[in-house]
Amino acid sequence: QVLLVESGGGLVQPGGSLRLSCVASGFPFSVYAMTWYRQAPGKERELVAAITPTSGDTNYADSVKGRFTISRDNAKNTVYLQMNSLKSEDTAVYYCNAVGATKGHYDNEYWGQGTQVTVSS
């Protein structure tokens with residue numbers, strides 16, 4: 001059974017920080033690229049950050065560069081999103097996503113159920 005279980009969402013004031021976690025099971029985590037997406041009400045889902053399976057290369061949306069950091073721990077099958085200097089426009093449901101990145105897995109894609117992040121005073 002494939003599972004992506006998220007935690008760490010909640011309410012935070014502008015300028016504050018949150019750390020999201022996503023624990024994966026049921027597939028070979030170490031050969032999957034991991035990403036975080038977010039979706040605000042009335043807006044399209046957008047890619048926030050991505051990290052490659054082994055090298056740990058990362059990419060970020062321009063809106064979060066310098067504030068967010070994605071990381072992974074393959075021994076724990078976990079991907080993290082550290083969010084600092086949060087702004088009201090970061091308010092959204094954040095989703096964990098896994099994409100196969102090796103032979104036999106390229107067509108595989110899995111999603112978590114999402115966790116709410118609200119930035120408000």
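These numbers come from a predicted model, not from an experiment.
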Distance-only donor-acceptor pairs under 3.5 Å for side chains of residues 110-121, two or more places apart:
| residue | atom | partner | partner atom | Å |
| --- | --- | --- | --- | --- |
| Gln116 | NE2 | Ala92 | O | 3.4 |
| Gln116 | NE2 | Thr118 | OG1 | 3.4 |

Tell me whether the guanidinium CZ or amine NZ of Arg72 lies under 6.0 angstrom from the six-membered ring centre of Phe29 and within 45° of its axis.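 Yes, a cation-pi geometry.
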Residues forming a side-chain hydrogen bond (donor to acceptor under 3.5 Å, both in side chains) with [X], sequence neighbours excluded:
X	answer
Ser85	none
Asn59	none
Asn84	Ser17, Gln82
Ser30	none

Co-membership, hydrophobic cluster, residues [X] and [Y], 4.5 Å side-chain:
X	Y	answer
Phe68	Ile70	yes
Leu18	Val48	yes
Val2	Val31	yes
Leu20	Leu47	no
Val93	Val12	no

Quick one, [X] and [Y] - any side-chain contact, counting heavy atoms below 4.5 Å?
X	Y	value
Tyr37	Tyr94	no
Glu6	Val23	no
Tyr32	His105	yes
Asn108	Val99	no

Kindly say whether Pro53 contributes a backbone atom to a donor-acceptor pair with the side chain of Asn74 at under 3.5 angstrom?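 Yes.
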Could you check whether any side-chain N or O of Thr91 sits under 3.5 Å from a backbone N or O of Glu89, counting only pairs where one atom can act as donor and the other as acceptor?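 No; zero donor-acceptor contacts below 3.5 Å.
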Just to verify, what does [X] make a salt bridge (charged side-chain N to carboxylate O under 4.0 Å, His left out) with, not counting sequence neighbours?
X	value
Arg45	none
Asp107	none
Lys65	Asp62

Suppose the criterion is side chain to side chain donor-acceptor pair (under 3.5 Å): which pairs have a residue in residues 47-58, not counting sequence neighbours?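 Those involving residues 47-58 are Thr52-Ser55, Ser55-Asp57.
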Under the side chain to side chain contact (heavy atoms under 4.5 Å, CB included) test, which residues partner Ala50, sequence neighbours left out?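 Partners of Ala50 under the side chain to side chain contact (heavy atoms under 4.5 Å, CB included) test: Thr35.
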Sequence neighbours excluded - disulfide (SG to SG under 2.5 Å) pairs with any residue from residues 8-65: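 For residues 8-65, and leaving out neighbouring residues, the disulfide (SG to SG under 2.5 Å) pairs sorted by first residue read Cys22-Cys96.
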Tell me the disulfide (SG to SG under 2.5 Å) pairs involving residues 51-81, sequence neighbours left out?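 The answer is none; no pair qualifies.
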Apply side chain to side chain contact (heavy atoms under 4.5 Å, CB included) to residues Leu4 and Tyr95 and explain how you reach the verdict. CA-CA 9 Å; Leu4 296 172; Tyr95 297 91; over 6 Å; no
Working for side-chain hydrogen bond (donor to acceptor under 3.5 Å, both in side chains), residues Tyr80 and Asp73: CA-CA 8 Å; Tyr80 306 94; Asp73 186 340; 4.8 Å; no
Locate the shortest heavy-atom distance separating [X] from [Y]; write the atom from each residue and the value.
X	Y	answer
Thr78	Ser21	CG2-CB, 4.5 Å
Phe27	Ala98	CZ-CB, 3.8 Å
Ala101	Tyr106	C-CE2, 3.4 Å

So which of Ile51, Asn97, Leu81 actually passes side-chain contact (heavy atoms from CB on, under 4.5 Å) with Trp36?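 Only match with Trp36 under side-chain contact (heavy atoms from CB on, under 4.5 Å): Leu81.
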Atom pair OG (Ser63) and CZ (Arg38), whose distance is rounded to the nearest 0.5 Å: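 It comes to 4.5 Å.
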